[in-house]
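Reading through the structure tokens given below for one structure.
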Amino acid sequence: MKQNGKPTALIMIFGATGDLANRKLFPSLYKLFEKDKLSEQFAVIGIARRPLTNDEFQNNVRKSIQSASKDDNRVDEFASHFYYHSLDVTDSDSYVSLKKLAGELDEHYQLDGNRIFYLAMAPEFFGTIALHLKEDGLTDVNGFKRLVIEKPFGHDLESAKELNNQIRTAFSEDEIYRIDHYLGKEMVQNIEVIRFANAIFEPLWNNRFISNIQVTSSEILGVEERGRYYEKSGALRDMVQNHMLQMVALLAMEPPIRLNTEEIRSEKVKVLRALRPMEGDEVEQYFVRGQYGSGTVSGEDVPAYRNEVMVSEESNTETYVAGKLMIDNFRWAGVPIYIRTGKRMETKSTKIVIQFKDIPMNLYYRTEQTLNPNLLVIHIQPEEGITLHLNAKKAGQSMEATPVKLNFANKGIDGINTPEAYEKLLFDCMRGDATNFTHWDEVALSWGFVDKISEVWENSKAKNFPNYASGSVGPKEADELLERDGFFWWPVTNLDVDNC
Ligand SMILES: NC(=O)C1=CN([C@@H]2O[C@H](COP(=O)(O)OP(=O)(O)OC[C@H]3O[C@@H](n4cnc5c(N)ncnc54)[C@H](OP(=O)(O)O)[C@@H]3O)[C@@H](O)[C@H]2O)C=CC1
Ligand SMILES: O=C1O[C@H](COP(=O)(O)O)[C@@H](O)[C@H](O)[C@H]1O
């Protein structure tokens, strides 16, 4: 049910005193409220163990959105919708009082029994919470019930299946919203539009015209305080299984017959099914792992991964992955899709470069000039936009060609203030649009692919770790991966919209 077309719901945030809730969820909800996308009929119950009064919790909420707003009255009004319930999620008894509070708020705000359960907690609790929600009757409602679940969704295919079975006892697949925050990014959502709304791209979007695709997501940050989690995860599970493969699926999928959740997901699933599987001894041929050593980042000396807090001095965990993916279907046969992601790199940048094949005959050969390949660059972050690299005539008497760039930058458009990924995703969830969340089939196929690689890496110690310095572009083996195919990584720094 909606009020003036706006969604109404009771949102229960499990892990409401944590980092994610404070840094992302409260500010995103506030943005929706400020933009008048939330009706007055909403309430939030924050859940965590530590004892807090409603007033203390509302103060925390106010603090978390301080930088997002100057309007104190709006902030107070927003915070008044927040309630706190202290509960240990493993303690069966405490769900009874949570149910009572939920019922009272439902009535007070006339929420029509709509409930969103947002699990912003460590994944080991996901199954327990879902079971309690069902057993203790919190999911017995007249309205909709939706479960929003954070990553990581399992550690491998087997554990992901186990977790999925647990949450499926309480929620059906279409009630589960598995967050991949990359799917909430403006320019990731734009991939579909660039491809399917432009006559000049879609006819060329195949192995006849594209020579290779490069997807880079590099970070300046190291592992920070997340050593305990990251040691068991590594870049493969942390970034490749989800964000990187999701971007690849969007780039490679067939045009869906309709722009709805089922059709788009079904096309993405087909891409993941077509990923060329690797046998154990092929992993080294297709994938490169790296771990950062000490170095200088943005003028500051930083320690090696092995010297970070909660990290073993002999850690075999990768903080960098580069890989070559082959999609064995009619459209993509023979086109390598290279991916790379790493921590403590020289720059923060997520970019997609589509490199087109050279034209069949270079008419400008007499000038002994090598033409640059046409590139379409999709700038995901920090800058958002598109650059098309072309060749044009150099001004003057000669017929020499010179590279030119056509740019579109989101920030160049008046009034555009791209919403944060979490803002978009929360709104989608409230509206019941699951397109930008991952379906179980996508999760299972991604784990199936990644498990092959992690099995090999876990059973063979990387002899050369650390193999790249903090602040660098990663290990040399990643360059060799492309050199073997006659390609090179397009440097992400020179392709910026701002540099054009
Ligand atoms: N932080 C981020 O940017 C991102 C986080 N995630 C994922 O989101 C989830 C939460 O991350 P994050 O916010 O960083 O984690 P934090 O460690 O900061 O927060 C954990 C929260 O869980 C609560 N909690 C812990 N144990 C219990 C318990 N037994 N019963 C009730 N509450 C409990 C804690 O409060 P208390 O101690 O008071 O009980 C706290 O509110 C994780 O799955 C993480 O992987 C995903 C992407 C980004
Ligand atoms: O999910 C994760 O993503 C972040 C990178 O996200 P971005 O939006 O800043 O590109 C990464 O730092 C983190 O390790 C990972 O868990």
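Numbering of ligands and ligand atoms starts at 1, following listing order. Numbers here simply count residues along the sequence, with the first being 1.
Note: Phe26 and Phe82 meet the aromatic proximity criterion, with ring centroids under 6.0 Å apart. Aromatic pair Phe488/Trp490: ring centres closer than 6.0 Å. A ring-centre distance under 6.0 Å is not found for Phe57 and Tyr83.
For ligand 1, the atoms lying closer than 4.0 Å to a non-hydrogen atom of Ala16 are 41 (O). Atoms of ligand 1 found under 4.0 Å from any heavy atom of Pro123 (numbered from 1 in listed order, with element): 43 (O). For ligand 1 and Asp88, the ligand atoms under 4.0 Å from any heavy atom of the residue are 28 (C), 29 (N), 30 (N). Within the listing of ligand 1, atoms 30 (N), 31 (C) sit less than 4.0 angstrom from a heavy atom of Leu87. Set against the non-hydrogen atoms of Ala120, the atoms of ligand 1 under 4.0 Å away are 9 (C), 10 (C).
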Quiz item: Can Lys348 and Ser218 be said to form a side chain to side chain contact (heavy atoms under 4.5 Å, CB included), step by step?
Solution: CA-CA 5 Å; Lys348 169 81 182 165; Ser218 66; 5.8 Å; no
Quiz item: Yes or no on side chain to side chain contact (heavy atoms under 4.5 Å, CB included) for Ile179 and Val148, after CA distance, side-chain angles and deciding distance?
Solution: CA-CA 7 Å; Ile179 291 252; Val148 186; 3.5 Å; yes
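Contact annotation for Phe125 and ligand 1: only side-chain heavy atoms (C-beta onward) come within less than 4.0 Å of the ligand. Of the heavy atoms in Ala48, both backbone and side-chain atoms come closer than 4.0 Å to ligand 1. At a heavy-atom cutoff of 4.0 Å, ligand 1 is contacted by the side chain of Arg23 but not by its backbone.
At a threshold of 4.5 Å between non-hydrogen side-chain atoms, the residues Gln189 and Lys424 count as touching.
Of the candidates Lys151, Arg50, Glu124, the one placing a heavy atom closest to atom 38 (O) of ligand 1 is Arg50. Comparing heavy-atom distances from atom 43 (O) of ligand 1 across Met121, Glu150, Glu224 singles out Met121 as nearest. The closest non-hydrogen atom to atom 25 (C) of ligand 1, taken over Arg226, His181, Arg49, comes from Arg49.
Remark: distances from the non-hydrogen atoms of Pro152 to ligand 1 include one below 4.0 Å.
Residues of the protein with a heavy atom under 4.0 Å from ligand 2 are Lys151, His181, Tyr182, Lys185, Glu219, Arg226, Asp238, Met239, His243, Lys343, Lys348, Gln381, listed by chain and number.
Using a 30° and 60° split on the angle between ring planes, Phe117 and Phe171 fall in the perpendicular class, above 60°. Note on ring orientation: taking the six-membered ring where Trp is involved, the planes of His243 and His181 are perpendicular (angle over 60°, cut-offs 30° and 60°). Using bins of under 30°, 30° to 60° and over 60° for the plane-to-plane angle, the ring pair Tyr230/Tyr305 lands in the perpendicular bin.
At the shortest separation from atom 40 (C) of ligand 1 among protein heavy atoms lies Thr17 OG1, 3.5 Å. In terms of protein heavy atoms, atom 30 (N) of ligand 1 is closest to Val89 N, 3.0 Å. Remark: minimum distance from atom 19 (O) of ligand 1 to any protein heavy atom is reached at Gly18 CA, 3.3 Å. The shortest contact between atom 18 (O) of ligand 1 and any protein heavy atom is with Asp19 N, 2.9 Å. Among protein heavy atoms, the minimum distance from atom 13 (O) of ligand 1 is reached at Leu20 N, 2.8 Å. Ranking protein heavy atoms by distance to atom 21 (C) of ligand 1, first place goes to Gly15 CA, 3.6 Å.
A donor and an acceptor atom, one from each side chain of Asn165 and Arg168, are nowhere located under 3.5 Å apart. No hydrogens or angles considered: a donor-acceptor pair under 3.5 Å links the side chains of Thr387 and Asn407.
Residues in residues 43-56 take part in no salt bridge (Lys or Arg N to Asp or Glu O under 4.0 Å) pair, two or more places apart or across chains.
The existence of a salt bridge linking Lys268 and Glu442 is confirmed by a sub-4.0 Å separation between a basic side-chain nitrogen and an acidic carboxylate oxygen. In summary, Arg226 and Glu308 do not engage in a salt bridge, as defined by a charged side-chain N under 4.0 Å from a carboxylate O.
Across Lys24, Lys31, Lys35, a single residue satisfies side chain to side chain donor-acceptor pair (under 3.5 Å) together with Glu423, and that is Lys35.
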